Amino acid sequence: MSELKMTGKQLRALGYPQGPVISTAIDVIAQHYATATAEEIETVLAKVLADPAAYTEDAVWAEVATALIPEERPEIIPLREQAVDYAIFGSDAIEEGAVRQLNNAVRLPVAVAGALMPDAHQGYGLPIGGVLATENAVIPYGVGVDIGCRMCLSILDLPVDSLTTKAGEYEKALKNKTKFGAGAEWKRNDDDAVLERNEFREIQILRSLQAKAAGQLGTSGSGNHFVEWGVVTITDAGNEWGLAPGDYVAVLSHSGSRGLGAQVAGHYTRLAKELCVLPKDAQHLAWLDLNTEAGQEYWLAMNLAGDYASACHHLIHKRLIAEMGATMLARVENHHNFAWKEMHHGKELIVHRKGATPAGKGVLGIIPGSMTAPGFIVRGKGETTSLHSASHGAGRQMSRTKAIASITNEEMRKMLQDNGVTLIGGGLDEAPGAYKDIHTVMAAQADLVEVVGQFQPKMVRMADGGPAED
DNA sequence: ATGTCC
C-alpha cells in the first residue's frame, strides 16, 4: 500500500550515490510523480543523473540535480572551548552518557544555557531529559524524532468504583476506540481543523504527508506510548479547577505526532546536517538558523506537528469519554519533546526540551510513572536553573534490550497483578522494572514542581512489544 | 519514535 514509487535501494541500483540526494529524490517522486509509472520515473531519474547541470533550474528536479553535482563541504564548525555551566537534578541516578551529551551541547556556538532533568538518559543528539537554550537557532534533534510527543489527562465525572464494577466496558472502550502500532491508521476517521492548515499546502515536505496524517489522527503508535484508565487523587485543595480533594476516574494518554512528525524530523535533520557541519561527536546537534528559510520552515512544520499531536490526544479522549457517557471535569496536557520561544536571562531564547516537561511558574503538566507506578499532576515553580523544566517521567534504568533479557513474563504478570493493573498489549521492554523509581525522581525535582495530584493506572493499553523507543 | 529509504 506504500505510496512510494521508488526506494533508496532502487535509486542506488540506478546509480544514484549514497547520501542525502536519495531522500531528496524520494521526496520529489512522492510529490510530483504520484500517478507516473515506474518506467516513466526511471527514465527521468536516468536523465537527471546523466546530466544534472541541465536540471539545476528545473522546477521539479533542481534540488536533486544540485545534490548530484559535487560541491565543497562547508567548513566544520568547532565547538567552543568554554562550556556553559548548567544544573543537573538528581545526578546520582543519571548515566554518564547523558551528561557527556549535554556537555557537548552546551559547547555549541549557539548554546546559551542548559539543564539536565533527573530522568535523563542517553539519546541521539541531546540526551532524553536534556534542556538546551539557544539563540536564534533550532536543533531538530534537540526536539527529537517524535515532535510534540506529549501527555494528556482528562478527569471525568464517573464513579471510581465503576472501574471495578464496569471493568468490561472500560476495556471494550480502550480496545475499540484506540489504535496502536507503527503505521496504524483509522479506516474511517473524524476530521480536524489541524488537517486544513495552510502549512500542508505551503511547505513542500508537508504536502505529501497530509493524507497519512488524516488517517493517523487519533492513533497512538508504538514504543512507550499508551492510553490508560486510572484513578486521579487530587491532593491540592487550591487546584485550578476547584475540584474537591479526592478520587476521580481519569484517562491518561502518551503519544506524539506519528508519521507526520517523524518525516518532518528526518527531513530537517538531514538538511541541518548538510548546512551545519559539526565535529563528529556533535554532528547530530546540527542547527538551523531561524533567519533562514530552512529554519523558518522547520519552525512552522514543528509547530504543526505539535498541534497535530495535540489533536490526536483530543480525539482519543473525545471518543473514550463519549463511549463511557462521561463528562470531562478538568484537563491537563503538555508537550515534552518540543522547542519554544521563551524569555530567559532577559532575552528571547529557543528552549529545546527533549523529554522534559515545561515547568514555568504556575504551568501545569503531567509526569507519568510507569504502568504500575503513579504519575503526577504538577505545577511548575518557574525555577531558573532548570530553565523552567522538569522530568518527563521516571526515566529508564534499563534499555529495551536489557529489560527483555532480564525481566521474565512471570515477574511482569505478578507486578501487574500486585498493583491491580490490567494490561492490553505491551511487552517486557515496557515493564515497570525497566524504569527508575518515580518517587526518587520526584524528590530530585522538588524545587522544580509542586504536586497537585497523582494518577494511579488501572487499565493500560499499549502496542504489542516492539522495537526501539525514545 | 517511525512501516525501517539517507
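The structure presented is a predicted model; accordingly, all values stated were derived computationally and were not measured. Protein chains get the first letters and strands the later ones, always in sequence-line order, with residue 1 at the start of each.
- Here B:dC5 presents its C1' atom at 15 Å from CD of A:Gln31, a figure rounded to the nearest Å.
- Across all strands, A:Gly19 comes closer than 4.0 Å only to sugar-phosphate atoms, never to a base (heavy-atom distances).
- The aromatic rings of A:Trp340 and A:Phe338 sit perpendicular, their planes meeting at an angle over 60°, well past the 30° parallel limit.
- Residue A:Gln18 contributes atom CD, which lies 6 Å from atom P of B:dC6 at whole-angstrom precision.
- Taking atom CZ of residue A:Phe180 and atom C1' of nucleotide B:dT2, one finds them 16 Å apart after rounding to whole Å.
- Contact annotation for A:Gln216: backbone-only contact, meaning every heavy-atom pair under 4.0 Å involves sugar-phosphate atoms and none involves a base.
- Closest to the side chain of A:Lys212, from the set B:dT2, B:dC5, B:dG3, is B:dG3.
- Two residues, A:Ile22 and A:Ala182, neighbour DNA chain B, and the one matched to the more 5' nucleotide by heavy-atom proximity is A:Ala182.
- For A:Arg270, the side-chain atoms get nearest to B:dC6 when compared with the rest of B:dG3, B:dC6, B:dC5.
- Here the P atom of nucleotide B:dC6 and the CZ atom of A:Arg12 are 4 Å apart, to the nearest Å.
- Remark: A:Arg258 is in phosphate contact with B:dT2, judged by side-chain N or O atoms under 4.0 Å from OP1 or OP2.
- Comparing B:dG3, B:dC5, B:dC6 by their closest approach to the side chain of A:Ile26 singles out B:dC5.
- Straight-line distance from the OH atom of A:Tyr268 to the C1' atom of B:dT2: 18 Å, rounded to whole Å.
- A:Ser222 has a side-chain polar atom (N or O) that falls below the 4.0 Å cut-off from OP1 or OP2 of B:dT2.
- A:Tyr124 and A:Tyr141 have perpendicular rings, their planes meeting at more than 60° on a 0 to 90° scale where under 30° would count as parallel.
- A:Lys9 has its NZ atom 12 Å from the P atom of B:dT4, to the nearest Å.
- Along DNA chain B, the nucleotide nearest to A:Tyr141 and the one nearest to A:Pro17 differ in position, and the one closer to the 5' end is contacted by A:Tyr141.
- The aromatic rings of A:Trp229 and A:Tyr170 stand perpendicular to each other, their planes meeting at an angle above 60°, with 30° marking the opposite boundary.
- Atom NE2 of A:His225 is separated from atom C1' of B:dT2 by 10 Å (rounded to the nearest Å).
- Between A:His225 and A:Met462 the shortest heavy-atom distance is O-CE, 3.4 Å.
- Between A:Phe376 and A:His439, the angle of the ring planes goes over 60°, which puts this pair in the perpendicular group of the 30/60° scheme.
- When rounded to the nearest whole Å, the span between CD of A:Gln263 and P of B:dG3 equals 7 Å.
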